[in-house]
Visitor: 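Let me begin by handing over the structure; questions about it come next.
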Amino acid sequence: MALLSILEYPDHRLRKKAKPVTHIDAALQQLAQDMLETMYQAPGIGLAAIQVNRPVRLVVLDVSEEKNTPQIFFNPLLTPVDESRNSYDEGCLSVPGFYELVERPARVRVQALNEQAIALDFIADGLLATCIQHEVDHLNGKLFVDYISSLKRERIRKKLEKQHKGHPA
Ligand code: QAP
Ligand code: CO
């Protein structure tokens with residue numbers, strides 16, 4: 001197991017589009033475990049591989065109260081199931097210290113492969129639906145700050161840039 005370092009906004013590497021996984025080998029299984037360890041340690045509820053500078057389509061999350069339900073999704077595909085929407089105060093390990101309300105579809109169909117390359121297909125709602133949408137956005141180079149006003153986004157960017165000047169990565 002290993003802790004991985006997390007890229008922080010406005011790092012341009014967070015804007016890449018992550019590549020699909022073609023074969024889930026031991027190295028990718030290890031990456032998923034290291035991402036879970038990194039997420040729990042933060043602590044956080046979700047992490048996308050691109051946030052640890054691995055631009056592959058892999059997300060891990062755990063939205064359980066007890067923090068005992070890790071979930072691993074390779075090549076996740078999301079489809080909203082109806083018109084219902086939900087708002088959550090979202091944060092991000094790549095945007096530490098900032099939270100903003102984001103509205104998204106309330107229910108999404110999730111199709112993905114798990115760590116054993118077994119096909120998953122289920123409907124997510126509640127915090128799981130929000131979290132997996134936030135994480136899949138990362139795989140497409142998108143961050144939650146892209147949903148807020150440019151005024152708020154620029155304020156966050158300037159504050160984080162100033163912090164990074166004090167302690168560079
Ligand atoms: C994404 O985010 C998410 O600012 C996961 O200082 C968040 O785990 C989806 C974190 C909310 C849905 C709702 C953020 C930790 C963790 C911070 C996270 C911080 C320390 C964020
Ligand atoms: Co995030």
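Counting convention: from 1, in listed order, for ligands and their atoms alike.
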Visitor: Has L61 got any heavy atom lying under 4.0 angstrom from an atom of ligand 1?
Guide: no
Visitor: How far is atom 16 (C) of ligand 1 from the closest protein heavy atom, and which atom is that?
Guide: L93 CD2, 3.5 Å
Visitor: How far is atom 18 (C) of ligand 1 from the closest protein heavy atom, and which atom is that?
Guide: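 I find the closest protein heavy atom is I45 N, 3.9 Å.
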Visitor: Looking at P10, is its backbone amide N or carbonyl O close enough to the side chain of E161 to form a donor-acceptor pair, meaning the two atoms are under 3.5 Å apart?
Guide: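 Between the backbone of P10 and the side chain of E161 there is no qualifying donor-acceptor contact (under 3.5 Å).
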Visitor: Counting C-beta onward and ignoring hydrogens, is there a side-chain heavy-atom pair between Y9 and R153 closer than 4.5 Å?
Guide: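 Side chain of Y9 against side chain of R153, heavy atoms only: contact under 4.5 Å found.
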Visitor: Suppose I only count heavy atoms of V95 and a 4.0 Å limit; which atoms of ligand 1 are within that range?
Guide: 4 (O)
Visitor: Would a 4.5 Å heavy-atom cut-off, applied to side chains only, mark C92 and H138 as touching?
Guide: yes
Visitor: Which of the atoms of ligand 1 are close to G91, meaning less than 4.0 Å from one of its heavy atoms?
Guide: 1 (C), 2 (O), 3 (C), 7 (C), 11 (C)
Visitor: Are D121 and R109 side-chain neighbours, meaning at least one heavy-atom pair lies under 4.5 Å?
Guide: yes
Visitor: Is the shortest side-chain heavy-atom distance between S94 and I6 below 4.5 Å?
Guide: yes
Visitor: Taking the side chain as everything from C-beta on, heavy atoms only, tell me whether D62 gets closer than 4.5 Å to T69.
Guide: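 SC-SC contact between D62 and T69 confirmed.
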Visitor: Around atom 12 (C) of ligand 1, find the nearest protein heavy atom and jot down its residue, atom name and distance.
Guide: T130 CG2, 3.7 Å
Visitor: Which atoms from ligand 1 have a heavy atom of H134 less than 4.0 Å away?
Guide: 1 (C)
Visitor: Need the ligand 1 atom indices (1-based, order shown) with element for anything under 4.0 Å from a heavy-atom of G46.
Guide: 5 (C), 8 (O)
Visitor: Which of the numbered atoms in ligand 1 are below 4.0 angstrom from a heavy atom of P43?
Guide: 15 (C), 16 (C)
Visitor: With distance as the sole test, does S87 use its side chain to make a donor-acceptor pair with the main-chain N or O of L101 at under 3.5 Å?
Guide: no
Visitor: Taking side chain to side chain donor-acceptor pair (under 3.5 Å) as the definition, give me every residue that meets it alongside K158, ordered by chain and number, with sequence neighbours left out.
Guide: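 For K158, no residue satisfies side chain to side chain donor-acceptor pair (under 3.5 Å) once neighbours in sequence are set aside.
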Visitor: Do D34 and R54 sit within salt-bridge range, that is, some charged N less than 4.0 Å from a carboxylate O?
Guide: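 Result for this pair is no, no salt bridge flagged.
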Visitor: Considering non-hydrogen atoms of the protein only, which is the closest contact for atom 6 (O) of ligand 1, and what is the distance?
Guide: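 Protein heavy atom at minimum distance: G97 N, 3.2 Å.
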Visitor: Scan residues 77-105 for pairs that pass ring-ring contact (aromatic ring centres under 6.0 Å, His included), counting only residues two or more places apart or in two chains.
Guide: none
Visitor: What heavy-atom pair brings T38 and A2 nearest, and what distance separates the two atoms?
Guide: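 Shortest heavy-atom contact: OG1-O, 3.9 Å.
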Visitor: Would you please determine whether E135 falls within less than 4.0 Å of ligand 1 on a heavy-atom basis?
Guide: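 The answer is yes: ligand 1 sits under 4.0 Å from a heavy atom of E135.
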Visitor: Closest non-hydrogen protein atom to atom 9 (C) of ligand 1, residue and atom name please, with distance?
Guide: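 Residue, atom and distance for the closest contact: C131 CA, 3.7 Å.
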Visitor: Could you find the nearest protein heavy atom to atom 14 (C) of ligand 1 and give me its residue, atom name and distance?
Guide: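 Of the protein heavy atoms, Y99 OH, 3.2 Å lies nearest.
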Visitor: Please list, in chain and residue-number order, the protein N/O/S atoms closer than 2.8 Å to the Co ion (ligand 2).
Guide: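 C92 SG, H134 NE2, H138 NE2, with waters left out.
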Visitor: Which atom pairs, donor and acceptor, lie under 3.5 Å between side-chain atoms of residues 16-25 and protein residues at least two apart or in another chain?
Guide:
{"residue": "K17", "atom": "NZ", "partner": "N140", "partner atom": "OD1", "Å": "3.1"}
{"residue": "D25", "atom": "OD1", "partner": "A27", "partner atom": "N", "Å": "3.3"}
{"residue": "D25", "atom": "OD1", "partner": "L28", "partner atom": "N", "Å": "3.0"}

